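Below is one structure, written out as structure tokens; the observations come after it.
Letters A, B, ... are given to chains in the order of the sequence lines, protein chains preceding strands, and every chain is numbered from 1. Nothing here was measured: the structure is a model prediction, and the numbers come from that model.
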Amino acid sequence: MAKKTKKQKSYFDSVHSWGRISSISALFVLLMFPLAITLYLGVVPDKTFLSYVLNGLLKVAPLYWALAVVEVIFYTPMLGAGGTYLSFVTGNIVNLKLPCAISAMENAKVKATSEEGDVISTIAIATSAIVTTAVLAIGIIAFAPFLDSFTSSPLLVPAFKQVLPALFGALGAGYFVKHWKLSFAPILFMLAILVFVPDIGASTLLIPGIIASVVFAFIMYKVGFLDKKAK
Amino acid sequence: MPAKFDNGSIGLYLIAGAVILFVLGQSLFFLIKAWKHGRKIGIDKKKLISAVTSSALFTIPSALSVLATVIALAPALGLVIPWVRLSVIGNLTYETVAATNAIEAFGITTGISEKITDPEVYAGIAWVMTIGICFSLIILPFVAKPLHKKFLKLNQKTDEEPVAEEAATVAADAAKPKKKRGFAGFVDYVTPALFIGLIGAYVANAILGSGKPDVAIDGAGVLSILTLVTSIAVSIVLELVAKKCKLTWLEPFVMPIGMIAGMVVAVLAYNLPEIGQKLVEATDVAALDWIGEKLMSLKDIVIIEWRG
């Protein structure tokens, strides 16, 4: 038993060391991307440019940096050590990596906190990342020559105009059914906002929406509305 | 500075290719490392192969919806930025929001539907989208190890009693005191609540939001509701079919099919009256004229937006 604990420790320690190296190097490479674009296009990062970037970041960063903290805390125990590092580098966690890892671990009948679970989860996530990269690369290479004619075709205009309702309808359907108690209050709240400020835009609306959603959920939790029925 | 640039130039593709190869290398590295260790601790080879094949199959439909997002962002940004952003950390919900916000910050009101022609704006968008998403990689090296260790400890405690819970809920349940309604029990609801807030904003916007006044079918109206209802309904029906008939292979396809169904209905609803009208005209039968009129009034209904 003591031997197993020691072996387990060394495996997890090694995963954490490599994971840290992978996160930091990925961060470095990631930041090189906009830098390379800026240099390649000969853009001068003057004061006005920086103020525009800062302005855009102010709209995006507070929410997504907060979400990043929540995601790291919640997903780490579900993904296992190796899976966590790889998932956060490759992204699409909630719609791809997490369901993939959970289903692989269920199939293999292992838990994320066991060494076997960690191995299966990492293999599932790595495979998922490689397949996603391949699908994107093939899709993009095949699609690039037709892009302009495709996106400007009057026949397809509504498809591109309605991509957000289609995407979020399909993404939301599962959540709304599974968490209907959590869903109706924040959506009604956001509809009420839209009655008064119809042009607020979804990207701004989601800030009061998320806050309201968590507050409503907390109230419903406190009054016992979310309690599951005893089986 | 050049006034215009090619957002699909070879140079940009090479930059993107380098980033993507790096990420691919990391995935391969972790895959090989986990595989070797799995064999070392005695996991059956068949089990490992099954994890690879089932994950690959599971991924393809969702990867197609990621590809659809890349394509959805392409009219404004070309393929390079969306490709990289959705291959490294990115995700469906974040990238569209970040791109829209970044474009708006530069004073452009057409959102993600018009091509970005100014290289300065293009580079700015790349910075905003990248810095906006990178925070998890900054904190991960500091918090992942202590967090993971804590959950391992919690798990060791619960392991002393036989547990048959799902892997996903084990850790959260272990930390949750029963029936006390303290903050620890609430953590289970935080992630769904966050996602519902996020997704709900787009759903609400498709029901009541107004678009840009000078862009047709941009705001909420008949077409957006039709799309939304179709994608929700198709997803729910498919989900039910998959569960009731135990078609596990169908489950990963539910979301992409729902999304595509919504877009197909939008295209059909928008184009069919016109196509039908042309067919009526082509037949040149006077008696069919009223059908043509009806079809064109149907077209008027389809393009209604609540806020004009």
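Here the side chains of B/V234 and B/V265 are not in contact, with every heavy-atom distance at 4.5 Å or above. Residues B/I81 and B/M129 meet the side-chain proximity criterion, which asks for heavy atoms closer than 4.5 Å. In this structure, the side chains of A/F216 and A/L182 stay at 4.5 Å or more apart for every pair of heavy atoms.
Put simply, the side chain of B/Q26 never gets that close to the backbone of A/V89: no donor and acceptor are under 3.5 Å apart.
For a residue to count as touching a neighbouring chain, one of its non-hydrogen atoms must lie under 4.5 Å from one of that chain's; by this rule B/L31 touches chain A with backbone and side chain alike. Interface remark: B/I139 contributes side-chain atoms only to the contact with chain A (heavy atom separation under 4.5 Å). For B/V84, the part lying under 4.5 angstrom from a heavy atom of chain A is the side chain only. Only the side chain of B/V70 comes within contact range of chain A, with at least one heavy atom under 4.5 Å from a heavy atom of that chain. When heavy atoms are compared at a cutoff of 4.5 Å, B/F22 approaches chain A solely by way of its side chain, counted from C-beta outward. The contact between A/Y40 and chain B is made entirely by side chain atoms (from C-beta outward), counting heavy-atom distances below 4.5 Å. The contact between A/S25 and chain B is made by backbone and side chain atoms together, counting heavy-atom distances below 4.5 Å. Looking at B/V143, the atoms closer than 4.5 Å to chain A (heavy atoms on both sides) all sit in the side chain, from C-beta outward. Looking at B/I125, there are no atoms closer than 4.5 Å to chain A (heavy atoms on both sides), in backbone or side chain. For chain A, no part of B/I257 is nearby; none of its heavy atoms comes within less than 4.5 Å.
In terms of non-hydrogen atom pairs under 4.5 Å with chain A, the most contact-rich of B/A126, B/G262, B/S54 is B/A126. Chain B forms the most heavy-atom pairs under 4.5 Å with one residue out of A/V15, A/L67, A/V135, A/V29, and that residue is A/V29. Looking only at heavy-atom pairs under 4.5 Å with chain B, the residue among A/T84, A/L31, A/I187 that has the most is A/L31.
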Take B/T59 and A/S128, measure what side chain to side chain donor-acceptor pair (under 3.5 Å) needs, and give me the verdict at the end.
-> CA-CA 6 Å; B/T59 299; A/S128 178; 3.0 Å; yes
Determine, stepwise, if the pair B/F30 / A/W18 fulfils ring-ring contact (aromatic ring centres under 6.0 Å, His included).
-> CA-CA 9 Å; B/F30 274 95; A/W18 280 109; 8.1 Å; no
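There is a side-chain donor-acceptor pair under 3.5 Å between A/Y85 and A/H16. Side-chain contact of B/K33 with A/S14: a donor-acceptor pair under 3.5 Å is present, judged by distance alone.
Under the 30°/60° scheme for interplanar angles, the aromatic rings of B/H148 and A/F12 are found to stand perpendicular.
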